[in-house]
Peer 1: 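Once you've had a glance at the structure underneath, I'll fire off some questions.
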Amino acid sequence: MDRSQKAESVASLNAVFAEAAGAVVVTRNLGMSVAQSTALRGKMRDAGATYKVAKNRLAKLAIADTDYVGIGDFLTGPTGISSSVDPVAAAKAVVEFAKTTDKIEIVGGAMGSQVLTPEGVKALASMPSLDELRAKLIGLVQAPATKIAQLQTAPAAKLARVFAAYADKAA
């Protein structure tokens with residue numbers, strides 16, 4: 001890499017850390033094949049996250065003025081950086097992929113200035129995603145309205161059944 005490519009790489013990583021990342025997961029690649037790396041990138045893309053292999057020195061420069069300064073200690077050896085706006089998406093995708101292969105190790109991560117251990121990343125991955133939480137919230141909001149509508153129609157339905165029973169009895 002020449003100097004301009006390095007500057008561009010640092011700038012793009014800094015943009016990820018400064019603006020777009022809700023969570024960052026650092027992994028150690030232990031000899032992943034190209035096919036495995038491609039599969040991981042595909043899973044990350046499907047989850048709405050990104051996966052990038054970056055030079056550690058450039059990544060340390062990129063996190064210098066961000067909330068993610070704490071992950072600098074994780075950036076040793078062959079590392080990959082996963083990030084997503086949804087705090088759960090990157091962690092969930094990496095943990096699911098790590099279950100299928102022993103070629104990737106979760107080193108740690110961060111949510112803003114909060115540094116996460118590998119166990120913390122796994123705990124984050126077990127939480128429901130932002131879309132799942134939204135669906136549950138909408139379900140909870142809609143449930144009372146549905147119950148109110150059922151209660152309003154229930155007396156009329158009961159009254160109709162009573163009249164039908166009297167009509168059947170009289171006939």
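Since we're looking at a predicted model, the values are computed, not measured.
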Peer 1: When you measure from the side chain of Arg28 to the backbone N and O of Thr76, does any donor-acceptor pair fall under 3.5 Å?
Peer 2: yes
Peer 1: Mind checking what makes side-chain contact (heavy atoms from CB on, under 4.5 Å) contact with Glu96, not counting sequence neighbours?
Peer 2: Lys92
Peer 1: Taking atom NZ as the centre, does Lys43 end up with more than 12 heavy-atom neighbours from other residues, nucleotides or ligands that are less than 6.0 angstrom away?
Peer 2: yes
Peer 1: Please give me the minimum heavy-atom distance between Gly109 and Phe74, naming the atom from each residue.
Peer 2: N-CE1, 3.6 Å
Peer 1: For a quick check under 3.5 Å, do Thr79 and Asn56 share a side-chain donor-acceptor pair by atom type?
Peer 2: yes
Peer 1: Can you name the residues that form a side-chain contact (heavy atoms from CB on, under 4.5 Å) with Ala62, not counting sequence neighbours?
Peer 2: Val10, Leu13, Asn14, Phe17
Peer 1: Apart from Val69 itself, what residues make up its hydrophobic cluster, given side-chain heavy atom links below 4.5 Å?
Peer 2: none
Peer 1: Starting at NZ of Lys52, measure out to OG of Ser9 and round the result to the nearest 0.5 Å.
Peer 2: 5.5 Å
Peer 1: Could you walk me through whether Glu105 and Leu30 satisfy the side-chain contact (heavy atoms from CB on, under 4.5 Å) test, starting with their C-alpha distance in whole Å, then the side-chain angles of each, then the deciding distance to 0.1 Å, before giving a yes or no?
Peer 2: CA-CA 7 Å; Glu105 173 189 1; Leu30 306 170; 4.1 Å; yes
Peer 1: Just grab all the salt bridge (Lys or Arg N to Asp or Glu O under 4.0 Å) pairs involving residues 133-144, residues at least two apart or on different chains.
Peer 2: Asp131-Arg134
Peer 1: Does a donor on one side chain and an acceptor on the other come within less than 3.5 Å for Asp2 and Ser4?
Peer 2: yes
Peer 1: What closest approach, in Å, do Ala93 and Ala47 show between heavy atoms, and which atom pair accounts for it?
Peer 2: CB-CB, 4.2 Å
Peer 1: So does Ala90 get a backbone contact from the side chain of Ser84, meaning a donor-acceptor N/O pair under 3.5 Å?
Peer 2: yes
Peer 1: Roughly how far apart are Ile63 CD1 and Ile71 CD1, rounded to 0.5 Å?
Peer 2: 5.0 Å
Peer 1: Hydrophobic cluster mates of Leu116, side-chain heavy atoms under 4.5 angstrom, ILVMFWY only, any path?
Peer 2: Val25, Met32, Leu40, Met44, Tyr51, Val53, Val88, Val94, Val95, Phe97, Ile104, Ile106, Met111, Val121, Leu124, Met127
Peer 1: Taking Thr38 for its side chain and Val34 for its backbone only, find out whether a donor-acceptor pair lies under 3.5 Å.
Peer 2: yes
Peer 1: Give a yes or no on this: more than 12 heavy atoms of other residues, nucleotides or ligands lie within 6.0 Å of atom CD of Glu8.
Peer 2: no
Peer 1: Nearest 0.5 angstrom please: Thr27 OG1 to Ile81 CD1, how far?
Peer 2: 8.5 Å
Peer 1: Please enumerate all residues that pass salt bridge (Lys or Arg N to Asp or Glu O under 4.0 Å) together with Arg45, with sequence neighbours excluded.
Peer 2: none
Peer 1: Can you confirm whether Lys55 is buried at NZ, in the sense that more than 12 heavy atoms of other residues, nucleotides or ligands lie under 6.0 Å from that atom?
Peer 2: no
